[in-house]
Amino acid sequence: KNEVEQSPQNLTAQEGEFITINCSYSVGISALHWLQQHPGGGIVSLFMLSSGKKKHGRLIATINIQEKHSSLHITASHPRDSAVYICAASIQGAQKLVFGQGTRLTINP
Amino acid sequence: GAVVSQHPSWVICKSGTSVKIECRSLDFQATTMFWYRQFPKQSLMLMATSNEGSKATYEQGVEKDKFLINHASLTLSTLTVTSAHPEDSSFYICSASWGSRPGETQYFGPGTRLLVL
């Protein structure tokens with residue numbers, strides 16, 4: 001079992017829908033990252049959080065440390081949000097990130 | 001925000017040649033750089049971690065003689081794929097970080113797509 005699990009693996013929705021992507025982890029972490037990878041390959045860091053909730057535009061990320069669970073929400077989704085979303089955990093005491101498998105999101109017009 | 005660049009973005013080479021990929025932090029000093037490899041429709045796989053001025057730490061299963069990493073300055077790390085073969089074709093991504101907790105502050109480069117013929 002992976003240390004970081006994402007669901008769903010694939011998600012297709014219509015423009016305007018509210019999107020939720022989930023991430024569960026089984027290890028002690030110091031922070032959790034949400035990353036976005038567009039078809040061209042480049043990776044953009046969306047959020048880094050260790051507690052509570054963060055919001056940036058139409059994107060919201062939450063984390064529940066007790067439940068070892070994080071969610072990424074997209075409100076009023078748009079076709080340009082189509083990308084792969086990856087959660088990654090900063091492991092306590094380690095330099096490296098552990099990545100989830102990614103969620104491929106497709107928003108249809 | 002912190003910017004990381006990679007060069008080249010695309011490279012096609014013949015089997016047996018060596019290819020060098022550069023990763024630069026443009027507006028900060030990166031004490032730690034990470035090199036990742038990504039196969040199609042898969043997540044990132046960490047290859048090695050390099051700290052400025054010291055030898056890189058390779059992940060299990062990554063050949064250090066095959067993938068040479070040099071982190072000679074606080075703004076530049078290079079990955080050289082030596083004697084490249086078609087199975088080395090992949091998407092290579094670097095990330096750069098600073099501070100005492102580099103796992104928490106990683107900024108990713110745009111990636112380099114390598115095709116070995």
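Note on naming: letters A, B, ... go to the chains in the order of the sequence lines (proteins, then strands), and numbering restarts at 1 for each one.
- The environment of NE2 in B/His85 is crowded: more than 12 heavy-atom neighbours from other residues, nucleotides or ligands sit within 6.0 Å.
- A/Met48 places none of its side-chain heavy atoms less than 4.5 Å from the side chain of B/Gln106.
- The contact list for residues 110-117 of chain B toward chain A, using heavy atoms and a distance under 4.5 Å, reads B/Pro110, B/Arg113 by residue number.
- The shortest side-chain heavy-atom distance between B/Tyr36 and A/Leu97 falls under the 4.5 Å cut-off.
- Neither the backbone nor the side chain of A/Leu32 comes within less than 4.5 Å of any heavy atom in chain B.
- Highest contact tally toward chain B, considering only A/Ser50, A/Ser45, A/Gly41, A/Gly42, is held by A/Gly41 [criterion: heavy-atom pairs under 4.5 Å].
- Of the atoms belonging to B/Gln6, not a single heavy atom falls under 4.5 Å from chain A.
- Without hydrogens or angle criteria, B/Ser43 side chain to A/Gly102 main chain gives no donor-acceptor distance under 3.5 Å.
- Around CD of A/Gln14, the count of heavy atoms belonging to other residues, nucleotides or ligands within 6.0 Å exceeds 12.
- Using a 4.5 Å heavy-atom threshold, the side chains of A/Leu35 and B/Phe108 count as touching.
- Annotation: side chain of B/Gln42 is not in contact with side chain of A/Gln101 (no heavy-atom distance under 4.5 Å).
- Residues of residues 63-72 of chain B having a heavy atom under 4.5 Å from any heavy atom of chain A: none.
- For B/Leu44 against A/Phe99, the heavy-atom pair with the smallest separation is O-CD1, 3.9 Å.
- Residue A/Val84 is not grouped with residue A/Leu46 when hydrophobic side chains (ILVMFWY) are merged at heavy-atom distances under 4.5 angstrom, including chains of intermediate members.
- When heavy atoms are compared at a cutoff of 4.5 Å, A/Ile43 approaches chain B by way of both its backbone and its side chain.
- In terms of hydrophobic clustering, with Ile, Leu, Val, Met, Phe, Trp and Tyr side chains grouped at heavy-atom distances under 4.5 Å, B/Leu74 and B/Phe34 are assigned to different clusters.
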